[in-house]
Amino acid sequence: MVVVMNPGAPPEHLAAVVARIESAGAQAFVSRGMDRTIVGVIGEGSRMAELTLAGMPGVATVLRVTEPYKLVNRQARTERSVVWVGSGGREVPVGPGTFTLIAGPCAVESAAQTLGAARLAAGAGATLLRGGAYKPRTFPAGFQGLGKDGLRILADVREATGLHVVTEVIDPADVDLVASYADMLQIGAANMQNYPLLDSVGRQDKPVLLKRGLQASVDEWLMAAEYLAQRGNCEIVLCERGIRTFETATSATLDLASIPLVQRLSHLPVVVDPTHAAGRRDLIVPLARAAIAAGADGLLIDVHPDPENALVDGAQALAGAELRELATAVRRLPPMLGRRAA
Ligand code: PEP
């Protein structure tokens, strides 16, 4: 960390800054320039963050020179991680070298609809089944999910199809219940910075799919992952799902640059959800192709056996011709980039 003092900051302000740094057990290196004095700080990062040097008299700015996330940082583990999902000797890898398709209905509506969607997903090459039993909705009157009944349906469909279940948890109080049915817990975009939820999910041992918040910078997303890791759960897959920009023609703007960027900054796998970024069926396959080309470790795609009558987000669910196109892209493109199907 580097503290830049204001031009002409009096010596007592500098002395107070140095004293505060040293009182935290860190070292302060003062360097006096023509106009400004800067103080280099060497010490343990999380304690440095508590120093609140930025508000002290005479301080112009405080600059970080290392990332605040440590456990998920690529520097902590130079090899990229593989996260395994499922159990019973049929675990599915998510990470480098492989390509994983996670697909299924946006919401679990009924046993028949979920089984139908799961069969479509498996036919397209999916090994992980997504489906929401708890649906956080923008509109309070919208379908909120079947709750525990939805979890039971997902478990039955896993039994029938062999697909492992990825499902969202939205309430810290439900984490144990959802983890008892799911193979992987999803934290949705709206909850990326729900710290009680991160705390609770970080203390259980199922792998986690952490979606990027709509307003989250890459650093904030990785800090949310660090939260989980610090609670003991480092089995995290990041999911880029688009961020809010001035563009309103799509639900969100898919940040393709975040894929290689995050793979440089962190060892965690990164999958991409073009469905919730586009919000419209016709853009999903082109965005999926772009995500594969940019190096994504997998895709998360909504499929539905009857999109026209879906209770949630039917306009973005794939079926028919578009799903066949997606299946072709998932079969052909990853091997060209040295990845095999997971
Ligand atoms: C979802 O995947 O079901 C979902 C609602 O996505 P997000 O949290 O990215 O909006």
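Remember, it's 1-based here, ligands and their atoms both numbered in the order they're listed. Because the structure is a prediction, the values reported are computed rather than measured.
- The shortest N/O to N/O separation between Ala189 and ligand 1 falls below 3.5 Å.
- Considering only non-hydrogen protein atoms, atom 6 (O) of ligand 1 sits nearest to Lys211 NZ, 2.9 Å.
- Gln186 counts as a contact of ligand 1, since one of its heavy atoms falls under 4.0 Å from the ligand.
- Shown here is Glu79, whose CD atom has no more than 12 heavy atoms of other residues, nucleotides or ligands within 6.0 Å.
- Among protein heavy atoms, the minimum distance from atom 5 (C) of ligand 1 is reached at His276 NE2, 3.7 Å.
- Any N or O atom pair closer than 3.5 Å counts here, and Asp273 shares no such pair with ligand 1.
- Shown in contact with Arg241 at under 4.0 Å from a heavy atom are these atoms of ligand 1, numbered in order with element: 7 (P), 9 (O), 10 (O).
- His276 contributes no side-chain N or O that, together with a main-chain N or O of Gln316, makes up a donor-acceptor pair within less than 3.5 Å.
- Here the side chain of Gln186 pairs no donor or acceptor atom with the backbone of Gly188 at under 3.5 angstrom.
- Of all atoms in ligand 1, numbered sequentially from 1 with element shown, those under 4.0 Å from a heavy atom of Gly188 are 8 (O).
- Glu109 places a side-chain N or O within donor-acceptor distance of the main-chain N or O of Leu311, the cut-off being under 3.5 Å.
- With hydrogens and angles disregarded, a donor-acceptor distance shorter than 3.5 Å links the side chain of Thr328 to the backbone of Arg324.
- Checked by atom type and distance alone, the side chain of Thr98 never pairs as donor or acceptor with a backbone atom of Val94 at under 3.5 Å.
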